[in-house]
Amino acid sequence: MFALSSSLNYQLYLPGTDMRKSFDGLCGLVLGELGHSPQDGSVYIFINKAQNKVKLLHWQSGGFVLYYKRLERGTFELPKYDESVGGLQLDYTQLVMLIDGVAITNITRRKRYKKAD
């Protein structure tokens, strides 16, 4: 089943990524650059240098799923970040806004009730 939801962790890889990379190449970036296991259930987000293509790598039971989107016009706007960091943690809302073209740089989140785990 193909499913992304708010219950997952989302990690944005910040340097521009070569979109010719597929499963193994992206897993190498996750392991080598981010220091995470690509099979930890998180969704890893990669954007190319021109910021018009995005890939999402997600481990589901039995194998990897790769989501890919190419914009015909415009670019994805990345949040402001310190260049010394390799990746940023995003939540599901931020991911959806990034994919839909909404700037997520100056958004402040209002308090909401959140059930304790």
Side-chain angles (χ1 to χ4, degrees):
M1 173 185 235
F2 301 107
L4 297 177
S5 69
S6 59
S7 65
L8 298 171
N9 293 319
Y10 297 90
Q11 185 74 29
L12 173 63
Y13 178 72
L14 293 169
T17 304
D18 181 353
M19 287 293 125
R20 294 175 292 182
K21 291 186 184 296
S22 190
F23 298 98
D24 295 332
L26 296 174
C27 285
L29 290 176
V30 172
L31 281 168
E33 300 292 323
L34 296 176
H36 295 252
S37 168
Q39 296 172 326
D40 67 2
S42 295
V43 178
Y44 294 94
I45 307 159
F46 303 92
I47 297 180
N48 67 334
K49 194 172 187 176
Q51 296 182 350
N52 64 347
K53 296 175 186 158
V54 64
K55 283 188 176 182
L56 283 71
L57 179 70
H58 181 217
W59 172 263
Q60 291 182 336
S61 60
F64 285 104
V65 177
L66 190 63
Y67 301 92
Y68 187 25
K69 181 172 183 172
R70 180 188 73 190
L71 298 176
E72 294 301 319
R73 191 181 282 172
T75 60
F76 296 106
E77 185 172 338
L78 297 177
K80 302 279 188 230
Y81 62 91
D82 179 4
E83 292 189 22
S84 65
V85 208
L88 288 177
Q89 184 80 23
L90 299 180
D91 62 27
Y92 181 71
T93 305
Q94 290 172 315
L95 171 67
V96 171
M97 290 169 46
L98 177 77
I99 299 295
D100 284 345
V102 178
I104 59 176
T105 53
N106 295 321
I107 293 175
T108 46
R109 181 176 295 278
R110 297 194 183 272
K111 285 188 176 184
R112 294 286 187 254
Y113 174 78
K114 193 171 192 180
K115 186 178 176 182
D117 293 329

Intermediate values then yes/no, side chain to side chain contact (heavy atoms under 4.5 Å, CB included), Val43 and Tyr67:
CA-CA 10 Å; Val43 178; Tyr67 301 92; 5.7 Å; no
Not counting sequence neighbours, which residues clear side-chain hydrogen bond (donor to acceptor under 3.5 Å, both in side chains) with [X]? List them please.
{"X": "Glu72", "value": "Arg70"}
{"X": "Arg73", "value": "none"}
{"X": "Ser6", "value": "none"}

Given Lys69 and Lys53, is the side chain to side chain contact (heavy atoms under 4.5 Å, CB included) satisfied, shown in steps?
CA-CA 6 Å; Lys69 181 172 183 172; Lys53 296 175 186 158; over 6 Å; no
Atom [atom1] of [X] and atom [atom2] of [Y]: how far apart are they, to the nearest 0.5 Å?
{"X": "Leu14", "Y": "Glu33", "atom1": "CG", "atom2": "CD", "result": "11.5 Å"}
{"X": "Gln11", "Y": "Ile45", "atom1": "CD", "atom2": "CD1", "result": "8.0 Å"}
{"X": "Leu78", "Y": "Leu88", "atom1": "CG", "atom2": "CG", "result": "8.5 Å"}
{"X": "Leu4", "Y": "Tyr92", "atom1": "CG", "atom2": "OH", "result": "6.5 Å"}

Looking only at heavy atoms, what is the nearest atom pair of [X] and [Y], with distance?
{"X": "Val54", "Y": "Phe76", "value": "CG1-CZ, 3.6 Å"}
{"X": "Asn52", "Y": "Asn48", "value": "OD1-ND2, 2.8 Å"}
{"X": "Leu98", "Y": "Glu77", "value": "CD1-O, 3.1 Å"}

Run through the side-chain heavy atoms of Ile, Leu, Val, Met, Phe, Trp and Tyr, join any pair under 4.5 Å, and report what else lands in Tyr68's cluster.
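The other cluster members (ILVMFWY side chains, heavy atoms under 4.5 Å, direct or chained) are Tyr13, Met19, Phe23, Leu26, Leu29, Val30, Leu34, Tyr44, Phe46, Leu57, Trp59, Phe64, Leu66.
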Test side chain to side chain contact (heavy atoms under 4.5 Å, CB included) applied to Lys55 and Thr17, step by step:
CA-CA 9 Å; Lys55 283 188 176 182; Thr17 304; over 6 Å; no
With sequence neighbours left out, what residues match Asp40 under salt bridge (Lys or Arg N to Asp or Glu O under 4.0 Å)?
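For Asp40 there are no salt bridge (Lys or Arg N to Asp or Glu O under 4.0 Å) partners, ignoring immediate neighbours.
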Enumerate the residue pairs fulfilling salt bridge (charged side-chain N to carboxylate O under 4.0 Å, His left out) with a member in residues 13-30, sequence neighbours excluded, ordered by first and then second residue.
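Every salt bridge (charged side-chain N to carboxylate O under 4.0 Å, His left out) pair that includes a residue of residues 13-30, provided the two are not neighbours, is Asp18-Arg20.
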Transitive ILVMFWY side-chain link Leu31 to Leu12, under 4.5 Å:
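Leu31 does not cluster with Leu12.
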